[in-house]
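These notes concern the structure reproduced below.
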Number of protein chains: 2
Amino acid sequence: MKSATQPPQPPTQTRRERLRAETSAEIKAVALRLMADGGPDAISLRAIAREMGMTAGAIYGYFDTRDALVTALIVDVYSELLAAVEGARDRLPADDVAGRIVAWGVTLRAWAIANPEGFRLIYGDSLRGYEPPLQEAVTASEKRACEGLTALIAEAWPSAANRYCDEVYAWADFDEALVEKVRTAHPDLPPAGAAVAMRVWGRMYGLVALEVFGRLSPLAHDPARLYEDELKALVRDLGLTPA
Amino acid sequence: MKSATQPPQPPTQTRRERLRAETSAEIKAVALRLMADGGPDAISLRAIAREMGMTAGAIYGYFDTRDALVTALIVDVYSELLAAVEGARDRLPADDVAGRIVAWGVTLRAWAIANPEGFRLIYGDSLRGYEPPLQEAVTASEKRACEGLTALIAEAWPSAANRYCDEVYAWADFDEALVEKVRTAHPDLPPAGAAVAMRVWGRMYGLVALEVFGRLSPLAHDPARLYEDELKALVRDLGLTPA
DNA sequence: TTGATTTACTACACGGCGTTTAGTGAGTGC
DNA sequence: GCACTCACTAAACGCCGTGTAGTAAATCAA
């Protein structure tokens with residue numbers, strides 16, 4: 001994973017710290033591998049330790065608890081997913097708003113189908129009695145996703161605005177930090193735009209989650225088709241013309 | 001629960017069978033109670049047995065495995081949910097199609113918010129390595145949900161059809177049993193109608209699931225509002241005029 | 001009524017889990 | 001060279017699902 005390329009660096013990191021970071025990374029890597037075959041529940045401290053030739057207790061030197069490890073994994077996997085969708089969006093020209101929205105959506109599904117266990121890790125509520133704290137770090141990823149979609153909605157707003165003119169929201173209806181970022185990035189977008197972004201998010205998430213959780217495939221044999229048509233309808237509903 | 005009112009009945013059920021059925025029902029009831037506080041993972045055979053003054057092994061006389069019990073719970077809870085949404089739909093006159101669709105959606109969310117653990121049980125992929133078989137009985141509930149929504153789409157089809165005229169589907173794209181029921185109930189509905197029904201399902205599910213899984217509330221303070229506006233947009237997108 | 005049989009259940013064991021605690025040996029810093 | 005920190009092991013605790021052997025009571029047949 002980590003290529004060995006910073007030897008002349010002054011010891012901003014001691015040898016101990018480096019070894020420590022490497023072990024920590026290996027724990028996460030093994031955990032992800034175990035999850036890939038066997039589902040999120042296959043992430044057990046004992047199994048990871050076994051795989052690494054350690055005892056389970058040793059992991060407590062790196063993560064306070066199993067849930068802390070899972071949280072770290074979620075953060076990592078989530079940022080992979082975000083990089084994928086953001087990349088797909090940014091690969092299209094800024095004036096092709098419809099294309100960018102569809103690209104985001106298509107990439108979301110493609111990633112989810114390719115990494116179903118990762119998707120479950122992030123969005124399935126799995127993992128024992130997890131979620132109560134729902135770490136700040138996870139919420140940060142959530143915000144980043146929301147910002148990305150909001151940016152797209154802001155681009156689409158000129159054509160979409162008149163469809164949502166009767167929906168009056170206040171900025172106070174949304175998370176403060178998120179609002180601040182959105183308002184500086186898109187000063188002309190009204191609160192209703194943020195609301196639309198979250199609704200679009202739900203609309204994309206719905207079909208993808210149903211499919212990954214196995215709730216769609218027994219009924220419809222071509223969920224990809226279903227999803228793509230939904231995306232087309234989505235951009236149409238935003239006043240854009242799909243490609 | 002079960003009132004004691006069928007004494008003159010001939011022993012279509014022996015005393016043994018009755019006791020057996022009662023114990024089975026108690027197991028499920030206790031399991032649901034444990035789940036209500038403590039989440040789906042709190043359903044442990046040992047905890048149930050403890051609560052009932054039995055040993056864990058005794059439960060194997062009633063359910064082959066923990067997953068079998070969970071499946072039975074899912075079926076029960078799912079049919080509760082379905083009864084709720086179908087009831088809400090049928091409480092409105094047949095000609096108020098928009099109202100019936102919104103009622104279905106609103107009731108879905110209301111039920112989910114009132115029974116978050118039940119919703120997780122059904123739709124969260126939780127529960128250890130569950131899901132592989134995804135019992136026939138569960139899929140049956142899925143179909144019933146889909147049929148219900150398809151009925152609504154069929155009612156809306158006169159006004160919605162022209163919006164989906166370019167989407168050509170075949171009945172072969174869908175589950176055979178589902179298709180048969182839909183076609184006899186709504187002979188004029190084309191396959192694209194079934195596709196729209198599933199997409200509507202995904203659209204409703206998306207926001208509700210995000211909220212129940214705690215992924216929406218940190219960002220938006222009024223998810224109900226968000227959801228209701230989405231439902232309004234949904235019926236509008238079907239060519240209907242919301243109330 | 002009595003004897004055979006079915007049934008519901010207990011007791012116990014196995015292996016796996018997360019987590020804690022006490023102890024050990026090698027690497028680090030003065 | 002010495003004190004010390006740190007990564008780790010070993011063993012235990014109390015959970016869990018699951019299988020097996022045994023028991024006592026309910027049921028049925030004569």
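Every chain is numbered from 1 and lettered A, B, ... according to where its sequence line falls, protein lines coming before strand lines. Because the structure is a prediction, the values reported are computed rather than measured. All values below come from the heavy atoms of this structure, side chains included, with hydrogens, waters and symmetry mates left out.
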Name the closest nucleotide to the B:Arg46 side chain, picking from C:dT10, D:dG17, D:dC8.
-> D:dG17
Could I get the full list of ring-ring contact (aromatic ring centres under 6.0 Å, His included) partners for A:Trp104, not counting sequence neighbours?
-> none
Of B:Leu19 and B:Ala47, whose closest DNA chain D nucleotide lies nearer the 5' terminus?
-> B:Ala47
Answer yes or no: are there more than 12 heavy-atom neighbours, outside A:Lys181 itself, under 6.0 Å from its atom NZ?
-> no
Spacing of B:Ile59 atom CD1 relative to D:dG17 atom P, expressed in whole Å | 8 Å
Between the main-chain N or O of B:Pro191 and the side-chain N or O of B:Arg183, is there a donor-acceptor pair closer than 3.5 Å?
-> no
Give each protein N/O atom lying under 3.5 Å from an N/O atom of nucleotides 20-23 of chain C, with the pair distance.
none

In whole angstroms, the gap separating C1' of C:dC17 from CZ of B:Arg66 amounts to 13 Å
Just compare D:dC16, C:dG16, C:dA11 and give me whichever is closest to any side-chain atom of A:Arg50.
-> C:dG16
For B:Ser44, report the nucleic acid contact type (base, sugar-phosphate, nothing); a contact means any heavy atom under 4.0 Å.
-> sugar-phosphate
Whole-Å distance between C:dC17 C1' and A:Ile48 CD1?
-> 12 Å
Of all heavy-atom pairs between B:Pro116 and B:Val212, which one has the smallest distance, and what is that distance?
-> O-CG1, 3.9 Å
Classify the side-chain pair A:Asp222/B:Tyr169 by whether it contains a donor and acceptor separated by less than 3.5 Å.
-> no
Please give, in whole Å, the distance from C:dT28 C1' to A:Glu17 CD?
-> 13 Å
Could you state the atom-to-atom distance from CZ of B:Arg18 to C1' of C:dT7 in whole Å?
-> 16 Å
Aromatic ring centroids of B:Phe213 and A:Tyr123 under 6.0 Å?
-> no
Closest nucleotide among C:dG18, D:dT9, C:dA8 to the A:Leu45 side chain = C:dG18
Name all pairs fulfilling the ring pair (Phe, Tyr, Trp, His ring centres under 6.0 Å) condition that reach into residues 35-64 of chain B, sequence neighbours left out, sorted by first residue then second.
-> none
Would you indicate, yes or no, if C:dT19 has its OP1 or OP2 atom less than 4.0 angstrom from a side-chain nitrogen or oxygen of A:Thr65?
-> yes
Below 4.0 Å: OP1/OP2 of C:dT7 and any side-chain N or O of B:Arg20 = no
How long is the line joining CE of A:Met54 and P of D:dA10, in whole Å?
-> 12 Å
For the pair made of CG in A:Leu69 and P in C:dC17, what is the distance, rounded to whole Å?
-> 14 Å
Are any of A:Tyr62's side-chain N or O atoms less than 4.0 Å away from OP1 or OP2 of D:dC8?
-> yes
Hey, is the side chain of B:Thr23 poking within less than 4.0 Å of OP1 or OP2 on C:dA8, counting only N and O atoms?
-> no
